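These values consider heavy atoms only, across backbone and side chains, with no hydrogens, waters or symmetry-generated copies. Because the structure is predicted, anything quoted here is derived from the model rather than measured.
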Amino acid sequence: MPGSSSKSGGRGPSSSPLPHAMVPPSRPLRPSRYAPVSAAIFFLVGSTTLFFCFTCPWLSERFSVTVPIYNGVIFLFVLANFCMATFMDPGIFPRAEEDEDKEDDFRAPLYKTVEIRGIQVRMKWCSTCRFYRPPRCSHCSVCDNCVE
């Protein structure tokens, strides 16, 4: 172009009227947090499909027609449990507030026995979350919370 000093027509990053209009630098490719779930569902459904297409017809001819029905029911249970484990709330117990923590002694006993519906239950003290864990509750090392 005549009268233009650069190939971009004088519209480089230094001549942009808005500083926030610049293109952000490219970030490295990060996998989505749904990639492992998608891969697991793909392998689960894919392997079951291959089983029903290739192995199941031979099994139904050789043994019984109930084999594909039984395997279909088992597959639905496995898929339902996988989806529940993936998408449901794990039951995280919130940590104790600072003022709640002061009610207990600094050296709280490791176990506390309480009565729930007429049954004696032994609850363990969680030093990280600063409360006694209810039954069927444990501290998760991955999410660093007590979960049911």
Side-chain angles (χ1 to χ4, degrees), residues 7-9 11-14 16-148:
K7 286 185 170 183
S8 64
R11 299 289 295 176
S14 62
S16 175
L18 300 174
H20 64 277
M22 294 177 51
V23 178
S26 64
R27 63 183 177 130
L29 181 65
R30 291 187 314 165
S32 169
R33 67 181 188 172
Y34 298 110
V37 174
S38 301
I41 288 177
F42 173 76
F43 288 128
L44 181 64
V45 172
S47 62
T48 305
T49 302
L50 290 174
F51 173 78
F52 276 114
C53 289
F54 297 110
T55 308
C56 218
W58 180 79
L59 287 173
S60 63
E61 288 176 8
R62 178 93 171 157
F63 296 105
S64 174
V65 179
T66 59
V67 171
I69 294 170
Y70 174 76
N71 283 309
V73 169
I74 294 296
F75 168 71
L76 292 177
F77 279 126
V78 167
L79 193 62
N81 283 319
F82 178 77
C83 289
M84 286 191 308
T86 302
F87 299 113
M88 286 182 70
D89 179 33
I92 294 176
F93 285 94
R95 293 180 185 230
E97 298 292 327
E98 289 296 326
D99 55 342
E100 289 179 40
D101 188 28
K102 296 199 191 287
E103 290 176 7
D104 294 326
D105 286 331
F106 180 74
R107 298 175 190 243
L110 188 58
Y111 291 99
K112 180 179 183 181
T113 304
V114 295
E115 188 172 328
I116 300 175
R117 295 184 190 160
I119 300 171
Q120 294 287 331
V121 178
R122 197 168 92 171
M123 297 179 5
K124 186 177 180 183
W125 175 259
C126 180
S127 59
T128 306
C129 297
R130 299 182 308 270
F131 66 88
Y132 285 99
R133 293 191 299 231
R136 297 186 312 248
C137 179
S138 61
H139 193 84
C140 178
S141 63
V142 176
C143 67
D144 197 32
N145 287 311
C146 282
V147 292
E148 190 171 14

Which residues pass the side-chain hydrogen bond (donor to acceptor under 3.5 Å, both in side chains) test with [X], not counting sequence neighbours?
| X | value |
| --- | --- |
| Asn81 | none |
| Thr113 | none |
| Ser47 | none |

Heavy-atom side-chain proximity of Pro134 to Glu148 below 4.5 angstrom: no

What I'd like to find out is whether the side chain of Arg133 reaches to under 4.5 Å of the side chain of Trp125, using heavy atoms alone. no

Atom of [X], atom of [Y] and distance for their closest heavy-atom approach:
| X | Y | value |
| --- | --- | --- |
| Val121 | Pro135 | CG1-CG, 3.4 Å |
| Tyr132 | Leu110 | CE2-O, 4.2 Å |
| Cys140 | Val147 | CB-CG2, 4.2 Å |

Please output the side-chain donor-acceptor pairs of residues 67-76 that fall under 3.5 Å, not counting sequence neighbours, one pair per line with the distance.
residue: Asn71; atom: ND2; partner: Val67; partner atom: O; Å: 3.0

Name every donor-acceptor pair, under 3.5 Å, that has one atom in a side chain of residues 52-62 and the other anywhere in the protein, sequence neighbours excluded.
residue: Ser60; atom: OG; partner: Cys56; partner atom: O; Å: 3.2
residue: Ser60; atom: OG; partner: Pro57; partner atom: O; Å: 2.9

Using 0.5 Å steps for rounding, measure from the CZ atom of Phe42 to the OG1 atom of Thr49. 9.5 Å

dist Cys137:SG -> Lys124:NZ (nearest 0.5 Å) comes out at 11.5 Å

Go through the structure and list residues passing side-chain contact (heavy atoms from CB on, under 4.5 Å) with Pro36, not counting sequence neighbours. none

